Amino acid sequence: MKNLVLIVFLISAGLLNAQQYPFWEHYELPKNQKQSDYNHPDEIYYYTKFLTAVEYEYDYTYNQYYKYYTEHYRVKLQTDLAIEEFNKVYISLEDVVAVKRVEARIIKEDKVVELKPEIEEFFSDDESEQYQYFPVSGLELGDELEIVYTVKMEPEYDGDQHYFQGEIPIYDFDFYLISGIDSKFAFKAHNGFKEPEKIDTILHRNQWYCHMDTIPAVRSEYFSEYANNIMKLDVALTAVVSGTEEDYSPFQNFADLLNWVYNVPQSSKVIKKVHALNDRIGVNNTRNTRERIRLIEDYMKTEFNMYGANPGDDFAEMIENEKGGVVDAILLYMCMFDDAGIAYEYGFITNRYETTFEDDIESQFFMQNYFFFFPDVKEYLAPIDFSSRMGYLDAEWIPNNAFHVTQLTYPRTSSFEVKPVPAVEAKDNTDSTVIHIKLADNMLDVEISVERYLMGYKAGESQLYYQIYREQRQKEVEQDLLNFLNDRSQYKLSTLENISPEVAFLKPIIAKGTVTDLATPLIEKAGDLTIFKLGEIFGEYVSLDEIRKKQFDFVFSKASFNSTTIHLELPEGVEVQNPESIEVADNISSEDNVIIRPSLTIKGNMVTYELKERWFDTRYSIDQKEDLMKVFAFYANLSKMNLILK
């Protein structure tokens, strides 16, 4: 629900502007265009011109503002691959009301060829895609294809985000944001993009503008957040002027909307049904707070049909029928918490791999994923994420900031606060594998048994879904839990504990078994010597050349404690000839937030190699690159380590 300030802004700005001189309508392609002087022969293609304009204009037909998005680019085609990519031009129709203009031409060395686009439309329910496209014929190596189009979209006053960088360089870049003179916007530029500056205010419009000579290409990197490393711009409305200037808060506007949706008194009929529901599933005062929350969550994620809303059903009927929409489900969570006397806050968080939730600009763009927070136990819960349970928000969401909402029943108001949300601690996300290998007297055959203790994200995924999988899929899960080589080896499961949804994220999976068919040989003969391929157990690691090229922070999906222990039982009289070649250390890293501790012990005919890994954080600064290179160098050498036996 838009607040009164925004409504006043829309009406007054509309009367002043009335689409007098919209940028998008009057922007023209340059006449007598010639090919650019940029020369970059090593690129597949590159942009010799790129303009992005965002303009807010009032539409009297619909009595509201719309966003007009204009894109103008010239692309130099230097390879057959580039021609193949651009022989069709695509225009996304996501959130688009109408396509207002499309122009295209080819700039050759000696002439300009004007094109008449024959527009076709594509829509796919299955892939949630909708776009227009048109073919381009006559392209040759060295041509520049020039495109300009404008689409009419729903406005994004309460938060918008623009990305400007990709894997192809851009030259001569311009950005405009144009709106009624009544409006003020806040900007936050990221990763080297220039913050737009306000230029002359004319014709009852505010215009913000920035120019960049070059936007360099950026490549994706291992252990990096690609989307969060590229140049982008957050934009949000901050004030309107209607006689006097008034601050405008997208977050407050959103909190008001949430207050209207969720902070509502319930009928006695609903209250009775909720209380009866809590009684039925065992939510009572004999259980502690965590147990009561967990029972409610388990019910909502296993019995309530969250996507089964029927038009016309009231809330009481939805409780009775155990089905409703997402909003109904969130409201039922709240009612059940209220009935059980459980204090909570709720709100929204972003997927940090898509965009960080910034704490210094307000944007509804950040309202991506629901969560609940319980201050008494200091735990988070993702109410509509079926692959998690309390205490474990999706690893791709955290660490991050989040929009916390607290409700008051009298007066019925909702306040908000942006707070940091920490990642799940490393100790709560563990993976411990113990491998027993017995080498036969013939120094060729081996007997291998495996024990694995798994707690946290990966364990939870298996625990939640194992019982509903078909038998073949269950066997695949069992093999995966034991498959320490990550190859086609086959295993016979002997023990599998804590694999039910009731203990998901609460207890560790314990899997034990033996190898029945070894796909990767661990033994090799060399004359009278036997080589035990220790490194094969740890597999391949990322190329050091790729790590050396890193320019951005090291980002991992989750903090974790991992350990791999290998017990190698040798025949009597067999000895390890090269123990000094196996690297051991108290810590390969010199950083406090990383512990990589390899150890080797030999007692009689038992050789034990153990690797303990402690990754305490999810993000490591690029300033730690030199130290982390030592870690990756160790991993690279580890994969090649062999024990020589005689």
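Position 1 is the first residue of the sequence, and the numbers go up from there. Computed from a predicted model, the values in this text were never measured in an experiment.
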For [X], what residues pass the side-chain hydrogen bond (donor to acceptor under 3.5 Å, both in side chains) criterion, not counting sequence neighbours?
X: S36; value: E144
X: Y176; value: none
X: K419; value: E345
X: Y163; value: Q161

[X] and [Y]: aromatic ring centres closer than 6.0 Å?
X: H211; Y: F173; result: no
X: Y248; Y: F185; result: no
X: F223; Y: F552; result: no
X: F175; Y: Y209; result: no
X: F164; Y: F193; result: yes
X: F251; Y: F254; result: no
X: H72; Y: Y149; result: no

Report the residues that fulfil side-chain contact (heavy atoms from CB on, under 4.5 Å) with E354, sequence neighbours left out, ordered by chain and then residue number. N351, Q368
Once side-chain contact (heavy atoms from CB on, under 4.5 Å) is applied, do any residues pair with M318, and if so which ones, sequence neighbours excluded? D313, D328
Qualifying salt bridge (Lys or Arg N to Asp or Glu O under 4.0 Å) pairs with a residue from residues 398-415, counting only residues at least two apart or across chains: none
By the salt bridge (Lys or Arg N to Asp or Glu O under 4.0 Å) test, which pairs, at least two apart or in different chains, include something from residues 207-221? E221-K550
Output all residues satisfying salt bridge (charged side-chain N to carboxylate O under 4.0 Å, His left out) with E28, sequence neighbours left out; order by chain, then residue number.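 Partners of E28 by the salt bridge (charged side-chain N to carboxylate O under 4.0 Å, His left out) criterion come out as none, since no residue qualifies.
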Is it true that a side-chain atom of E156 and a backbone atom of K67 form a donor plus acceptor pair closer than 3.5 Å? no
K34 (side chain) donor-acceptor with I107 (main chain) under 3.5 angstrom: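 Here the side-chain-to-backbone pair does not exist.
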Which side-chain N or O atoms in residues 82-92 pair as donor and acceptor under 3.5 Å with protein atoms at least two apart or in another chain?
unit_1: E85; atom_1: OE2; unit_2: Y45; atom_2: OH; d: 3.0
unit_1: S92; atom_1: OG; unit_2: E94; atom_2: N; d: 3.2

By ring pair (Phe, Tyr, Trp, His ring centres under 6.0 Å) - contacts of Y333 (at least two apart):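 Once residues adjacent in sequence are excluded, the partners of Y333 under the ring pair (Phe, Tyr, Trp, His ring centres under 6.0 Å) criterion are F337, F372.
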Listed by chain and number, what are the ring pair (Phe, Tyr, Trp, His ring centres under 6.0 Å) partners of H190, not counting sequence neighbours?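 Applying ring pair (Phe, Tyr, Trp, His ring centres under 6.0 Å) to H190 gives none.
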Between the side chains of Y69 and E71, does any donor sit under 3.5 Å from an acceptor?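 Side chains of Y69 and E71: pair found under 3.5 Å.
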Distance from F348 atom CZ to F403 atom CZ, nearest 0.5 Å?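 CZ of F403 is found 8.5 Å from CZ of F348.
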Flag the pair V148 / Y27 as yes when at least one side-chain heavy-atom distance between them is below 4.5 Å, and no otherwise.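 A side-chain contact exists here, since the closest heavy-atom pair is under 4.5 Å.
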Minimum side-chain heavy-atom gap F371-Y346 below 4.5 Å: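 Contact flag for F371/Y346 side chains = no.
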Which atom names give the shortest non-hydrogen contact between N191 and N228, and what distance separates them?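 Shortest heavy-atom contact: ND2-O, 3.1 Å.
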Provide the closest heavy-atom pair for T48 versus D172 in the form atom of the first, atom of the second, distance. O-CB, 3.7 Å
Electrostatic pair R205-E55, nearest N-O below 4.0 angstrom: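 Here R205 pairs with E55 in a salt bridge, since their nearest N and O are under 4.0 Å apart.
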